[in-house]
Peer 1: 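Attaching a single structure in structure tokens format; questions to follow.
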Number of protein chains: 2
Amino acid sequence: MLQNPENCAVVRTVGYIGGKWKPIILIRLLNGGKVRFGKLAVQMPDISRKILSQQLKELEEDGLILRYSYMEKPPRVEYELSESGKTLIPVLKAMYDWGIQMEDPATRGTWDPVVK
Amino acid sequence: MLQNPENCAVVRTVGYIGGKWKPIILIRLLNGGKVRFGKLAVQMPDISRKILSQQLKELEEDGLILRYSYMEKPPRVEYELSESGKTLIPVLKAMYDWGIQMEDPATRGTWDPVVK
DNA sequence: CTCATTAGTTACTTATAGGTTACCAGTTAA
DNA sequence: TTAACTGGTAACCTATAAGTAACTAATGAG
């Protein structure tokens, strides 16, 4: 852990939740409950649907989120934070707080992940 | 923050400390005191000196570490965690703990960043 | 018949991160 | 005089992340 990225727990954590979009997706799912793919896409207009789909798949493969696919036409798919994913909350909170502290106060947001 | 990577405090934090080597470098510097470039390089044999130098420069530009360059020949340069960098400790700890929890127990290390 | 709907996929392109190799400067020691 | 020492930099190459555009399938509405 102290010399190899493969053995460093911090590097591993970055591997799970790092990247340009995963934190945002996870924060969207933090308040619990299932969210449809389309709703996520609308809430994050700047991520292409291909990338969103890809990131969700990785998060699911990593066991951080659950995917519910209903065999309907047109399709309906919902995503939800898994129990494992919920253990990320304090980590994301710590990272959020630190990021806020480093931020230009003018553009500061709030932690509350609930989106009305 | 909730929809744009540029405004997301968590994404910003990943930008500061993410990547393959920065967490390892920061952990090396956690126990306080100045560390020479060469010593860091020896402690992390798998990072090339060019990349190490580059990562240190970024950390310094971001204000997370301090660089002391003594005008000697051969050169001597020391690095140290800045006050701002020290505020990262709880964040790194949270990420470390989570990473450990997700880890294969067989290869598990310890948090104690002190290297003898 | 035709269009909208939803959650994708495929093929392709671009941007960024990371890595390798060779080289430099000024002093000391052999 | 020659090599070792140190902390880099420059040119170049590769691997991975991210993005774009076009397309798909089954049903219902008009």
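These numbers come from a predicted model, not from an experiment. Reminder, nothing fancy here: chain letters follow the sequence lines and each chain counts from 1.
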Peer 1: Atom pairs, N/O to N/O, protein against nucleotides 15-23 of chain D, distance under 3.5 Å?
Peer 2:
residue, atom, partner, partner atom, Å
D:dA18, OP1, A:Lys20, N, 3.0
D:dG19, OP1, A:Lys20, NZ, 2.5
D:dG19, OP2, A:Trp21, NE1, 2.9
D:dG19, N7, A:Lys50, NZ, 3.3
D:dG19, O6, A:Lys50, NZ, 2.5

Peer 1: Between the main-chain N or O of A:Gly99 and the side-chain N or O of B:Thr13, is there a donor-acceptor pair closer than 3.5 Å?
Peer 2: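 The answer is yes, because a donor-acceptor pair under 3.5 Å joins these two groups.
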
Peer 1: Please test B:Lys22 against B:Glu58 for salt bridge (Lys or Arg N to Asp or Glu O under 4.0 Å), starting from the C-alpha separation and ending with a verdict.
Peer 2: CA-CA 9 Å; B:Lys22 281 182 184 171; B:Glu58 288 180 19; 2.7 Å; yes

Peer 1: So, do B:Phe37 and B:Ser53 sit near enough that their side-chain heavy atoms are less than 4.5 Å apart?
Peer 2: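 In short, these two side chains touch, coming nearer than 4.5 Å.
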
Peer 1: Are the side chains of B:Met44 and B:Ile25 in touch, meaning some heavy atoms are under 4.5 Å apart?
Peer 2: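 Sidechains of B:Ile25 and B:Met44: in contact.
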
Peer 1: Run the ring pair (Phe, Tyr, Trp, His ring centres under 6.0 Å) test against B:Tyr16 and tell me which residues pass, sequence neighbours left out.
Peer 2: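 With neighbours one apart ignored, the set is A:Trp98.
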
Peer 1: Evaluate the side-chain proximity of A:Val35 to A:Tyr79: yes if any heavy-atom separation is below 4.5 Å, no if none is.
Peer 2: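 No, too far: nothing below the 4.5 Å cut-off.
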
Peer 1: Return the CG to CZ distance between A:Leu40 and A:Arg28, rounded to the nearest 0.5 Å.
Peer 2: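 Reported value, rounded in 0.5 Å steps: 8.0 Å.
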
Peer 1: Taking the side chain as everything from C-beta on, heavy atoms only, tell me whether B:Leu59 gets closer than 4.5 Å to B:Ile17.
Peer 2: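 No - every pair of side-chain heavy atoms lies 4.5 Å or more apart.
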
Peer 1: Starting at atom OH of B:Tyr79, determine the distance to atom C1' of D:dG7, rounded to an integer number of angstrom.
Peer 2: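 Value for this atom pair: 8 Å.
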
Peer 1: Tell me, please, the opening and closing nucleotides of DNA chain C, 5' to 3', among those with an atom under 4.0 angstrom from a non-hydrogen atom of chain A.
Peer 2: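 Nucleotide range in contact with chain A: C:dT5 to C:dA11.
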
Peer 1: Does A:Lys34 have any salt bridge (Lys or Arg N to Asp or Glu O under 4.0 Å) partners at least two apart in sequence or in another chain, and if so, which?
Peer 2: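 With neighbours one apart ignored, the set is empty.
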
Peer 1: List for me each residue that meets salt bridge (Lys or Arg N to Asp or Glu O under 4.0 Å) alongside A:Glu60, sequence neighbours excluded, and say none if there are none.
Peer 2: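 Once residues adjacent in sequence are excluded, A:Glu60 has no partner under the salt bridge (Lys or Arg N to Asp or Glu O under 4.0 Å) criterion.
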
Peer 1: With a 4.0 Å cut-off on heavy atoms, is B:Lys22 in touch with a base, just the backbone sugar-phosphate, or nothing at all?
Peer 2: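 If one applies the 4.0 Å heavy-atom cut-off, B:Lys22 turns out to touch nothing in the nucleic acid.
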
Peer 1: Among residues 66-74 of chain A, which contact DNA chain C at a heavy-atom distance under 4.0 Å?
Peer 2: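 DNA chain C contact set from residues 66-74 of chain A: A:Arg67, A:Pro74.
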
